[in-house]
Amino acid sequence: MVDALIGFAVLLGICFLGVPLAFATLIVGIAGFAMVRGVNASLVMAGQQILEIVINYGLSVIPLFILMGAFIHRANISDDLYDAGYAWLGRFRGGLAMSTVGACAGFSAVCGSSLATAATMSRVAMPPMRRYGYADSLSTGSLAAGGTLGIMIPPSVPMAIYGIVAEEDIGKLFIAGILPGAILVLLYMLTIRIQVWRRPESGPPGERTSWRRKIESLAKTWPVLALFVLVLGGIYLGIFTPTEAAGIGALGGFAFALARRPKRLHRVLIDCFAEAVKTSALIFSVAFGALVFANFVNIVGMPQALVSLVESLDLGPLAIILAIALICVLLGMVFESIGILVLVIPVFLPTLMAADIDLIWFGIIVIIVVEMGLITPPIGMNVFTVKSVVPDVPLTAIFRGVIPFVFADLVALLLILALPGLALWLPGLMR
Amino acid sequence: MTAIETLSKLLSGLLLAVATALLSAMMVLTAVDVFMRYVMAAPIFGASEMIQFMLAIVILAGLALVSRDNEHIVVSLFEAPLRRRFGRLYDGVVAFFNLAGSVLLTVLLVDHAGLVGLFDQRSIVLGWPLATLAYVLAGLAAIASFMAVRAWLVRARPAQHGSAE
């Protein structure tokens with residue numbers, strides 16, 4: 001246990017220096033393992049882990065779903081999503097911010113990344129919100145928080161990573177994320193309503209739109225709906241595996257991107273592939289580094305020590321989950337989502353299994369906690385993503401704007417803790 | 001430096017072309033496999049293993065591209081104050097760890113390729129040799145190491161400081 005804690009301390013130190021997370025975990029993991037089992041055993045373990053990760057068939061969903069999101073992003077479907085949101089909600093006070101959340105939810109349904117969702121929707125939604133005189137804190141807060149829906153509403157890259165690490169069915173995890181994702185959307189919209197009720201000047205109403213325009217704008221979002229139904233419907237009905245769904249979804253995204261006939265098509269397609277290849281490489285490198293580190297933590301007996309500790313303290317499942325959630329929140333202040341998942345889950349997996357905790361339910365809880373990490377200081381990667389799109393808005397204003405949404409996340413977390421059926425009902429109906 | 005830049009550009013173009021081709025193939029192969037299974041009742045033999053091999057090459061090729069642009073995921077909490085305080089020394093330390101990580105990855109993959117080659121380990125369905133794949137991946141990791149050196153040199157040049165960000 002002490003060895004593992006020293007390993008964690010060294011890892012944090014190196015990471016704080018600015019060393020890439022992937023290499024920091026790899027180097028500390030190999031060095032730690034070598035101290036216990038010798039250099040040769042350590043090299044063999046690390047080489048085997050790396051090869052196993054990069055040829056893992058289940059993980060091929062990651063580049064394919066990222067590719068699907070890149071195609072959809074370049075097809076400018078985000079504008080249509082926002083337009084539809086505005087047509088239906090724009091006339092209400094705070095309606096543009098609610099449209100933003102709705103459009104983020106729509107974009108999340110075809111994109112598994114919260115950063116991509118936040119970046120894309122910031123470019124689309126920020127100009128109209130400024131035109132209507134929305135408070136910067138409300139508009140940027142709704143964008144940063146709306147972006148986090150990218151990892152809750154399936155398909156979701158962190159959910160796929162969790163599925164592999166926890167050896168759970170990725171398809172079931174995706175389906176389990178649908179209801180909590182919808183709840184989060186409603187809670188975010190409610191949060192906006194409460195904010196504009198308290199400060200009406202922060203979100204003035206937009207213009208009314210005719211029913212004809214409402215229907216027309218909604219009809220334009222059919223590619224997103226079609227892809228979502230195809231991908232999730234296929235998984236839900238057991239027609240194809242998540243990897244096959246990802247391949248078909250990417251091909252569908254490719255077709256939509258082609259149909260939109262963007263300018264300089266060749267360049268657009270190369271950008272899509274480059275984005276997918278590089279983002280996937282980043283995720284995989286963090287994953288294999290963290291798994292090598294997790295092997296070191298395992299070999300020094302930390303997971304077993306934790307199981308014994310939990311047994312001696314006689315902690316119930318809820319206390320265990322809350323303790324892990326707290327650790328994830330603390331790590332979320334330093335690490336990004338994938339790093340947290342691959343560092344924390346393997347360590348606590350034996351404890352969770354010993355306590356007979358449903359790992360699909362726990363997966364959804366962890367994803368909400370990770371979402372909170374994306375918008376809480378000091379890292380809050382979504383906040384920085386929004387800031388990069390609107391550099392003139394002070395960082396403090398964005399963080400001030402996301403605070404109410406962190407409370408919404410907390411409410412969602414408590415709801416899912418109290419009512420596991422919210423996450424487990426739909427997967428239970430799967431074939 | 002010019003020779004390094006030329007080689008870097010050449011390798012980047014090649015890696016992106018290979019990764020794009022393989023990722024496209026993965027996308028088409030999964031879709032066609034589903035079609036063949038349901039419509040023709042004849043799934044593509046070994047499709048999942050082909051995807052596994054392609055995935056590995058895509059990831060390592062991507063890693064080299066990430067190293068070229070110095071786009072690794074880092075904890076940037078103390079980056080600004082450390083850089084202000086230690087300047088080039090700080091950049092040098094970070095660049096050293098970047099290079100060490102890439103070189104370590106290359107060594108691990110070469111070592112493992114030798115090991116799986118020794119036992120002639122192959123994929124289950126297609127019987128493709130894992131050692132060959134591991135050596136290809138080690139080659140790509142070596143390119144990533146070269147890209148890390150290039151990124152270090154770019155950072156070290158005062159006139160172009162930060163251009164690798």
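Order of the sequence lines fixes the chain letters, A, B, ..., with proteins taken first and strands second; residue numbering starts at 1 for each chain. Since we're looking at a predicted model, the values are computed, not measured.
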Exceeds 12 heavy-atom contacts within 6.0 angstrom, atom [atom1] of [X]:
{"X": "I124(B)", "atom1": "CD1", "result": "no"}
{"X": "R37(B)", "atom1": "CZ", "result": "yes"}
{"X": "Y57(A)", "atom1": "OH", "result": "yes"}

Which atoms of [X] approach chain A - backbone, side chain, both or neither, heavy atom under 4.5 Å:
{"X": "F35(B)", "result": "neither"}
{"X": "V34(B)", "result": "side chain"}
{"X": "L82(B)", "result": "side chain"}

All side-chain hydrogen bond (donor to acceptor under 3.5 Å, both in side chains) counterparts of E52(A), not counting sequence neighbours: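 Result, side-chain hydrogen bond (donor to acceptor under 3.5 Å, both in side chains) vs E52(A): Q48(A).
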Qualifying residues under side-chain hydrogen bond (donor to acceptor under 3.5 Å, both in side chains), relative to S123(B), sequence neighbours excluded: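 Listed in chain order: E49(B).
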Residues of residues 99-111 of chain B with any heavy atom under 4.5 Å of a heavy atom in chain A: G101(B), S102(B), L104(B), L105(B), L108(B), L109(B), D111(B)
Evaluate the side-chain proximity of [Y] to [X]: yes if any heavy-atom separation is below 4.5 Å, no if none is.
{"X": "H112(B)", "Y": "Q49(A)", "answer": "no"}
{"X": "S280(A)", "Y": "V58(B)", "answer": "no"}
{"X": "M27(B)", "Y": "M68(A)", "answer": "no"}
{"X": "Q52(B)", "Y": "N56(A)", "answer": "no"}
{"X": "V54(A)", "Y": "L137(B)", "answer": "yes"}
{"X": "S285(A)", "Y": "V66(B)", "answer": "no"}

Gap between atom CD1 of I55(A) and atom CE of M54(B) - 0.5 Å precision: 13.5 Å
I283(A) CD1 to I59(B) CD1 distance, which is reported to the nearest 0.5 Å: 8.5 Å
Heavy-atom pair count under 4.5 Å with chain B, highest-scoring of V286(A), I270(A), L64(A): L64(A)
Test side chain to side chain contact (heavy atoms under 4.5 Å, CB included) applied to T25(A) - qualifying residues, sequence neighbours left out: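 Once residues adjacent in sequence are excluded, the partners of T25(A) under the side chain to side chain contact (heavy atoms under 4.5 Å, CB included) criterion are L11(A), L21(A), F293(A), L343(A).
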Let me know if [X] has heavy atoms under 4.5 Å from chain B in its side chain, its backbone, both or neither.
{"X": "L67(A)", "answer": "side chain"}
{"X": "L43(A)", "answer": "both"}
{"X": "L269(A)", "answer": "neither"}
{"X": "V19(A)", "answer": "both"}

Choice from L55(B), L133(B), T30(B), L22(B) maximising heavy atom contacts with chain A below 4.5 Å: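 The candidate making the most pairs under 4.5 Å is L55(B).
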Between [X] and [Y], which heavy-atom pair has the shortest distance, and what is it?
{"X": "F23(A)", "Y": "F97(B)", "value": "CD1-O, 4.1 Å"}
{"X": "G18(A)", "Y": "Y90(B)", "value": "CA-OH, 3.6 Å"}
{"X": "Y38(B)", "Y": "G238(A)", "value": "OH-O, 4.0 Å"}
{"X": "A281(A)", "Y": "G62(B)", "value": "CB-C, 3.4 Å"}
{"X": "L282(A)", "Y": "H72(B)", "value": "CD2-CA, 3.6 Å"}
{"X": "L23(B)", "Y": "P63(A)", "value": "CD1-CB, 3.8 Å"}

